[in-house]
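Data block below; observations after.
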Amino acid sequence: MKKLAIAIALFAAAPLSAQAACAAKDFTIDGFAVKVQQGSGQPRFSMKGNLVNKCTEAAAAQIRIDAKDASGKVIASKQGWPAGTSNIDPGKSVDFDLGRLFRYSADMQDYTVVVSDVKAW
């Protein structure tokens, strides 16, 4: 009976380990650039980059962009899934622009972007 319980536990855990095959370190963000676009009304951001899957399996990654003031204090932070609920195939990439998530503030002086989560859909 005890061996059966162990076998069932191992089979139940198998799908969980398959989803954990890719991690944040398996994704890179290339060409990230922030531009302020002037127009009528309040300026808007363009926060473009390219998210690359360097994992051996298809997966998706969530990214976080932090906007900082001149002293380095984070004054705004937003997260998004550039590929939505789709996996990115190994070696493939997806372009993103998360500027629409931020409201313009003249205090924003520096920006960082990191991979904050990974999931296989």
Side-chain angles (χ1 to χ4, degrees):
M1 186 69 165
K2 187 174 185 178
K3 288 181 184 179
L4 179 61
I6 291 172
I8 291 171
L10 289 173
F11 283 118
L16 296 176
S17 63
Q19 286 197 9
C22 297
K25 66 177 179 52
D26 296 316
F27 285 82
T28 60
I29 299 168
D30 294 336
F32 180 68
V34 177
K35 294 180 183 173
V36 177
Q37 300 171 333
Q38 298 291 340
S40 61
Q42 188 173 13
R44 295 188 319 185
F45 284 108
S46 168
M47 296 181 173
K48 293 182 179 182
N50 185 266
L51 176 66
V52 183
N53 180 358
K54 295 191 175 187
C55 186
T56 59
E57 296 182 22
Q62 181 181 49
I63 63 172
R64 184 184 76 238
I65 300 174
D66 293 332
K68 302 174 183 178
D69 66 13
S71 71
K73 178 183 171 192
V74 175
I75 55 176
S77 183
K78 302 291 181 183
Q79 297 188 115
W81 294 87
T85 57
S86 298
N87 290 326
I88 304 167
D89 289 330
K92 301 293 183 183
S93 64
V94 62
D95 293 328
F96 65 87
D97 184 350
L98 298 184
R100 70 188 184 288
L101 299 177
F102 287 82
R103 291 192 79 173
Y104 176 79
S105 170
D107 293 339
M108 294 177 179
Q109 300 294 312
D110 190 32
Y111 308 88
T112 57
V113 60
V114 296
V115 175
S116 59
D117 194 12
V118 173
K119 177 184 256 186
W121 299 102

Where is the tightest heavy-atom contact between [X] and [Y], given as atom of each residue plus distance?
{"X": "Leu101", "Y": "Gln79", "result": "CD1-O, 3.8 Å"}
{"X": "Asn53", "Y": "Ala58", "result": "ND2-CA, 4.0 Å"}
{"X": "Val114", "Y": "Ile29", "result": "C-CD1, 4.0 Å"}
{"X": "Ile88", "Y": "Phe27", "result": "CD1-CE2, 4.3 Å"}
{"X": "Ala60", "Y": "Asn87", "result": "N-OD1, 3.6 Å"}
{"X": "Cys55", "Y": "Pro90", "result": "O-CB, 3.2 Å"}

Could you measure the distance from the [atom1] atom of [X] to the [atom2] atom of [Y]? Nearest 0.5 Å is fine.
{"X": "Arg103", "Y": "Lys78", "atom1": "CZ", "atom2": "NZ", "value": "9.5 Å"}
{"X": "Tyr104", "Y": "Gln42", "atom1": "OH", "atom2": "CD", "value": "8.5 Å"}
{"X": "Cys22", "Y": "Lys119", "atom1": "SG", "atom2": "NZ", "value": "14.0 Å"}
{"X": "Asp97", "Y": "Lys35", "atom1": "CG", "atom2": "NZ", "value": "10.5 Å"}

Query raised in the report: Is the backbone N or O of Gly72 less than 3.5 Å from a side-chain atom of Asp69, with the two atoms forming a donor-acceptor pair by type?
Result: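 Yes, the answer is positive, given that a donor and an acceptor are paired below the 3.5 Å cut-off.
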
Side-chain contact test, heavy atoms from C-beta onward, threshold under 4.5 Å: evaluate it for [X] versus [Y] and give yes or no.
{"X": "Val36", "Y": "Gln38", "value": "yes"}
{"X": "Met47", "Y": "Phe96", "value": "no"}
{"X": "Val115", "Y": "Leu51", "value": "yes"}
{"X": "Phe102", "Y": "Ile65", "value": "yes"}
{"X": "Ile75", "Y": "Met108", "value": "yes"}
{"X": "Lys25", "Y": "Lys54", "value": "no"}

With sequence neighbours left out, the residues meeting side chain to side chain donor-acceptor pair (under 3.5 Å) with Asp66 are Arg64, Ser77

Residues passing the side chain to side chain contact (heavy atoms under 4.5 Å, CB included) test with Thr56, sequence neighbours excluded, are none

Exercise. Go through Phe32 and Thr112 one step at a time and tell me if the side-chain contact (heavy atoms from CB on, under 4.5 Å) criterion holds.
Key: CA-CA 9 Å; Phe32 180 68; Thr112 57; over 6 Å; no

### Query
How are the rings of Tyr111 and Phe45 set to each other: parallel, tilted or perpendicular (split at 30° and 60°)?
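It falls in the perpendicular class, over 60°.
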
### Task
Go through the steps for Val118 and Asp26 under the test side-chain contact (heavy atoms from CB on, under 4.5 Å), then give the verdict.
CA-CA 9 Å; Val118 173; Asp26 296 316; over 6 Å; no

| Where do Val74 and Lys68 land on the side-chain contact (heavy atoms from CB on, under 4.5 Å) test, with the steps shown first? | CA-CA 4 Å; Val74 175; Lys68 302 174 183 178; 4.1 Å; yes

(message) Between Asp95 and Asn50, is there a side-chain donor-acceptor contact under 3.5 Å, judged purely by atom types and distance?
(response) yes

Same cluster (ILVMFWY, side-chain, under 4.5 Å), Leu98 and Val34: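 They do share one cluster, since a chain of ILVMFWY contacts under 4.5 Å joins Leu98 to Val34.
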
